Amino acid sequence: MPLGARRLVLGFFLAWSVFAFLAELQEAMEVYDRRSVHRSDPVRWQFGIPQVDILQQCLAEARALIPPGSVVVFTSPGPEAAAFYRWRWAAYGLPESDVIQPDTPRAGEIAHYLLSHRVPIRIPRLELVKALTGCRLYRVQDGAEPR
Amino acid sequence: MSHLGVALLMVLLVLAGWGISTAGRLHRWTLQFMTGAVIFHLLLASFDFLGIRWSRAALVLPLALAAVLGFRRRQRAERTERTGWGDGAALFALTAFGLFAPTLWVTTPDFVYHWGIKGHRFFLARGVDYEWLARDWNWVLHPDYPNLLPELFAGSALLAGRFEAPSMMLWAVLFFAMTIASGREALRQAGVHGPLAQMGLAVLAFSLAGFAIGQRMAGAADWMPALALVASLPALLRPPDREGDLEVGFAAAFAAASKIEGMPLAVFLAGVQLLRRVLGERRINPVAALRLALPTAAVAILWAARTFVHGLYQKFNTGAFDPGRAPEVLRGLAEVSAWKESWHGLTLLLLLLPLLLLPRRTRPAAAVATLQLLFYLWIYFSAAVDTEYQVISSFQRLAMHLIPAVVVLGTVALGEKAPPPLPGRGDGEAGEGAGG
């Protein structure tokens, strides 16, 4: 292939990659500028959006109150998939603890705390420790000892 | 301060791998880093095995010792090529990603779901917390994945004194920079100069930066197999030699320590280089085989021992090959071939792989990339999960492991000069048998 043709081929791919880069950069910046808009679906959550900021604030406050090694049930309203992804964000924010979902086998026996996202919980075994930013922390009465 | 922890660990790892190569400076540092990272990974695995808690001294002293031993090996650097506009373009793309990454805006969800939480937990536990990984509800963390990336997170947090997510994103920026450096060296060693080399480098950087920003790849481990493959290219593009064996051997081990997909990549890298040796020398060179296989074997044996002893292996990773999944795989591939999902169509570059098998020079590296692509397809036909969802959620990230190497190899193929006519022979005869 003549040199000119080779340059043309690579030039084509260069233009293509520059276009892809600029398109992604522009979109990322546009979405960043709109980051204060709520996103209801936790699958699409990312750092810097209001829901994550609020949850992180809740988790930071809870972290100071929960002894390391505790088992914490995290519960949140909504469909199963949404609750699942919120649970993962909660686990990320409480790295010293074992964060489990309410339907984890033997959750009632092994849990020390329950963290309820947005919704108050009324169960006799739960004692409210503190209402935190966007969530409530409960201690499980007669729960297991933290590891 | 946390950024300093990343910088400090990076420098330590580069020094720990001293003497591995005599390539151009930036690529040499990349190979040194990868070697240092493998040493670091094996060191931490030994600590866990012996029950030694990670500490600053436990981390720094052995790495410093490795550096001292490395300094004793004579290192003669080859002259690096002058910089051109392609280097500037690559730096621009890298800077764009580098500015975004620490904001966490382009952080991969997998940093939250597993890589980041593992790194933070290991930092707090001062070791890989196998008991925690093995808990029933932690299947979601991919507990059977190799741990090099969380270890880099934890190690840099340990040096800094705290775990801060923005600093952890710098690892992705460094992997990106090293991928560019190695791609640049591959072009240089392959004799691709001038505008073609500059264009190839710019394509590599812009395509990667666009994907990394658009698909949020900060904090991801997918940079690491991509880096391992690109860093192996200079060795795979030149005739096999002792130094190339070491380079490929440690790059393979780095891939194996990074992701579970890195394990087959490591086997393909070391296997292809060994095969070149065998074909060239008409015998099995046991020393070369050891250089190629030992680093990966050490990583893989430790990984297997830990994974199976602690019962971490997830059954859904494997399953029986089922050709009946073809419609689901094709539906998934059709879904990810949409404009944005397909890197704006750049994943089509993978279709160049059969062409890259044709020139003799690019054939070994193209064979590695092709085998890895076939492995991914095989997994889609066999893993015990929702096939279509698996294809949709993973293909574009898996493509990232291969596309940088394909761009570099494509540029090498385009940059190959036609062989000069042999003295005393006509032009028609000169082309015969000159397959590059």
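Within every chain, numbering begins at 1; the chains are lettered A, B, ... in the order of the sequence lines, protein sequences first and strands thereafter. Here the structure is a predicted model, which is why all the values come from computation and not from measurement.
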**Asked** With respect to chain A, which residue among B:Asp136, B:Ile213, B:Val112 yields the maximal number of heavy-atom pairs within a distance under 4.5 Å?
**Response** B:Val112
**Complete:** Bottom line for B:Leu141: the part with an atom under 4.5 Å from chain A's heavy atoms is side chain
**Request:** Taking heavy atoms only and a threshold strictly under 4.5 Å, list by residue number the residues of residues 50-60 of chain A that touch chain B; give 'none' if the list is empty.
**Result:** none
**Complete:** When the 4.5 angstrom heavy-atom criterion is applied to B:Leu349 and chain A, the contacting part is side chain
**Asked** Among A:Glu96, A:Met29, A:Met1, which has the most heavy-atom pairs under 4.5 Å with chain B?
**Response** A:Glu96
**Prompt:** If you round to the nearest 0.5 Å, how far is OH of A:Tyr92 from NE2 of B:His114?
**Reply:** 13.0 Å
For a quick test of your reading: what N or O donor-acceptor pairs under 3.5 Å do the side chains of residues 74-82 of chain A make, sequence neighbours left out?
unit_1	atom_1	unit_2	atom_2	d
A:Ser76	OG	A:Arg86	NH1	2.9

**Message:** Less than 4.5 Å apart, side chain to side chain, heavy atoms only: is that true for B:Pro195 and A:Arg7?
**Reply:** yes
**Asked** Is it the side chain or the backbone of B:Ala209 that comes within 4.5 Å of chain A heavy atoms, both, or neither?
**Response** both
**Prompt:** About how many Å separate CG of A:Leu25 and CZ of B:Phe100, when rounded to the nearest 0.5 Å?
**Reply:** 6.0 Å
**Request:** Could you tell me whether the side chain of A:Phe21 reaches within less than 4.5 Å of the side chain of B:Phe92, counting heavy atoms only?
**Result:** yes
**Message:** Quick check on B:Phe111 against chain A: is it the side chain, the backbone, both or neither that has a heavy atom closer than 4.5 Å?
**Reply:** both
**Item:** CZ on A:Arg6 to CD on B:Glu416, rounded to 0.5 Å
**Value:** 8.5 Å
**Asked** Between A:Phe19 and B:Phe206, is the gap from one ring center to the other below 6.0 Å?
**Response** no
**Prompt:** Is any side-chain heavy atom of A:Val31 less than 4.5 Å from a side-chain heavy atom of B:Trp105?
**Reply:** yes
**Request:** Ignoring hydrogens and angles, state whether a donor on the side chain of A:Glu24 or B:His344 is under 3.5 Å from an acceptor on the partner side chain.
**Result:** yes
**Request:** Calculate, to the nearest 0.5 Å, the distance between atoms OG1 and CG belonging to B:Thr411 and A:Leu10 respectively.
**Result:** 5.0 Å
**Prompt:** What distance separates A:Leu14 CG from B:Gln198 CD, expressed to the nearest 0.5 Å?
**Reply:** 11.0 Å
**Asked** From B:Arg121 CZ over to A:Ser97 OG, what is the distance, rounded to the nearest 0.5 angstrom?
**Response** 7.5 Å
**Message:** More than 12 heavy atoms of other residues, nucleotides or ligands under 6.0 Å from CZ of A:Arg63: yes or no?
**Reply:** yes
**Prompt:** Do the ring planes of B:Tyr113 and A:Tyr85 sit parallel (below 30°), tilted (30 to 60°) or perpendicular (above 60°)?
**Reply:** tilted
**Prompt:** Highest number of heavy-atom pairs under 4.5 Å with chain A: which of B:Val140, B:Thr107, B:Leu204?
**Reply:** B:Val140
**Item:** Heavy-atom contact with chain A under 4.5 Å, split by part of B:Leu346
**Value:** both
**Request:** Decide yes or no on side-chain contact (heavy atoms from CB on, under 4.5 Å) for A:Val18 and B:Val203, but give the supporting numbers first.
**Result:** CA-CA 8 Å; A:Val18 169; B:Val203 173; over 6 Å; no
